S.K.: 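One structure coming up, written as structure tokens, with questions to follow.
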Amino acid sequence: MRTRLVAQDTHDMNNVAIENELSERISAAALEIEDKVIAWRRDIHEHPELSYQETRTAALAAEHLEKLGYEVRTGVGITGVVGVLKGGKPGGVVALRADMDALPVEEKVDLPFASRATAEYLGQTVPVMHACGHDCHVAILMGVAEILAGMKDEIPGTVTLIFQPNEEGSNDGRPSGAQAMIADGCMENPAPSAVFGLHVTSGIRSGVIALRPGGLMASADRLKIDVEGRQTHGSQPWRGIDPVVTSAQIILALQTIVSRQLDPTLTPAVISVSTIHGGVRNNILPDSVAMEGTIRTHDEGVRAEIWKRIDKTATAIADAAGAKATVTVFEGVPVTYNDPPLTDWGTNSLKNGLDPQRVTEVRPVMGAEDFSYLAQVVPGMFFFLGVVPPDVDPLQAPANHSPLFRVHEPALKYGVRALSYLAIDYLKRK
Ligand SMILES: [Zn+2]
Ligand SMILES: [Zn+2]
């Protein structure tokens, strides 16, 4: 890293030059530690840990932060780590977040550091893989930690680094990692006024950053519908109440909520009924049918409206048939909402810090992210970092969560640059 310092008391007319200088310095620093970041990523990739089991990963992050002089809190939200760096100049507080957990997926990528790990998941031993790229997020934030520590004296304010467990969902009734860390005070003492985070993605070319203001990723709720009828012989449906036909009507009617009842210009929305179970034999109409599905939206108002309409549609159709439908919505993560003023500013900042050509706008994504909880506490901005190798078509690249998910590692330094630049630039604008 170069040691030339940025002048602190410059007038506005010099801002552009200063920004470019900051960008150059961070770029050089990121290049200098690129091999380390990749080595961290490979080490973490080879030793993936499931949600709320990220003890090795958390220890790596905590040890690194301690060495760099951060104030470190461990066990925040079960296995989470918070590192606080107080800059040499007074100023505000900004938070950066990386998630740490891996998935119950068997790696099928032929790499020397491919995972052979197994772990306990819901009482079963399963293979584990960093199939969502959270290994990259941890390595990137460790790189950012090092760059910021090297510039500590000139940072006007405080940076909080959040290494978060359980983004994917432990599916055992415990809250998401972001919720658990917020409950344990990761957004207090010091309290940031903005939070930034990124996600590597197989849908975008290596090193390209993509984001949008407003809803970036969807809310995700689990839907359960139980339809109770009355069992009868399959040859004599009039002697009972058929929950199978009633369920079929409900499934079809639910599809009209998005297509016929919502303003499509307001937000994308999806209602999927993904499982249906009922009956044991061809000539018995069963007592009941159980269905499950998922609800996705990009707008909290529309989300609440959909819940109401599903309930109304299912119960009214069941009622017409003499059956009874019970609708349960398990509230999942909210919309990952990129605060528009912060994101307008942040998009410009990224263009200054990296290269305007490297930063692009993306369409809303129907996947979900528990970063959304952090962005409910303070304005947040989340963005994607493409990791598809230059010779692969992003449309053909195996998706995140695939056993073939692969990361083009030269992209990582752009993640390091983006978060480092955003943090310092944000504190400087305060
Ligand atoms: Zn994931
Ligand atoms: Zn993920």
Side-chain angles (χ1 to χ4, degrees), residues 41 44-45 48-54 57-58 61 77 79-80 96-109 115 117 119 121-122 126-141 162-172 174-181 195-204 209-211 215-222 294 296 332-338 362 364-375 380-388 394 397-408 411-412 415 418-419:
R41 183 259 157 168
I44 298 164
H45 189 86
E49 295 169 304
L50 290 178
S51 304
Y52 283 142
Q53 301 177 21
E54 313 89 335
T57 314
T79 46
L96 308 176
R97 172 272 207 172
D99 44 4
M100 304 191 285
D101 55 330
L103 286 160
V105 171
E106 186 172 2
E107 176 146 20
K108 301 237 169 76
V109 187
S115 165
Y121 177 66
L122 304 178
V126 293
V128 185
M129 175 192 175
H130 266 296
C132 202
H134 299 182
D135 50 339
C136 301
H137 305 166
V138 176
I140 285 170
L141 200 58
I162 297 170
F163 290 86
Q164 183 211 297
N166 187 27
E167 191 286 319
E168 298 288 359
S170 51
N171 284 334
D172 58 2
R174 285 185 283 182
S176 90
Q179 285 177 302
M181 287 194 80
V195 59
F196 298 103
L198 63 74
H199 206 301
V200 296
T201 175
S202 67
I204 299 172
I209 281 172
L211 75 167
L216 177 71
M217 297 181 78
S219 61
D221 305 309
R222 181 157 72 94
T294 187
R296 308 286 171 125
V333 299
V335 177
T336 302
Y337 188 77
N338 275 343
V362 74
V365 172
M366 297 317 285
E369 236 305 325
D370 83 336
F371 179 85
S372 50
Y373 290 114
L374 298 167
M381 187 184 100
F382 197 69
F383 55 94
F384 298 113
L385 171 65
V387 290
V388 179
N400 296 58
H401 290 206
S402 157
L404 294 168
F405 177 67
R406 183 185 272 273
V407 167
H408 186 242
L412 302 186
L419 288 176

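In each ligand, atom 1 is the first atom listed, and ligand 1 is the first ligand listed. Hydrogens, waters and symmetry mates play no part in the numbers below; they use all other heavy atoms, side chains included. Bear in mind that the values here come from a model prediction, so they are computed numbers and not experimental data.
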S.K.: Rounded to the nearest 0.5 Å, what's the gap from CG on Asn338 to CE on Met217? Could you check?
M.R.: 10.5 Å
S.K.: With a 3.5 Å distance limit and no angle check, can you tell me whether Ser372 reaches the backbone of Val333 through a side-chain donor-acceptor pair?
M.R.: no
S.K.: Just to verify, what does Asp101 make a side chain to side chain donor-acceptor pair (under 3.5 Å) with, not counting sequence neighbours?
M.R.: Ser51, His134
S.K.: Working to the nearest 0.5 Å, report the span between CZ of Arg97 and CD of Glu369.
M.R.: 4.5 Å
S.K.: I need the protein N, O or S atoms closer than 2.8 Å to the Zn ion (ligand 2), given as residue plus atom name.
M.R.: Cys132 SG, His134 NE2, His199 NE2
S.K.: Can you name the ring pair (Phe, Tyr, Trp, His ring centres under 6.0 Å) partners of Phe163, sequence neighbours left out?
M.R.: none
S.K.: Give every residue pair that meets the salt bridge (Lys or Arg N to Asp or Glu O under 4.0 Å) criterion with at least one member in residues 126-141, sequence neighbours excluded.
M.R.: Arg41-Asp135
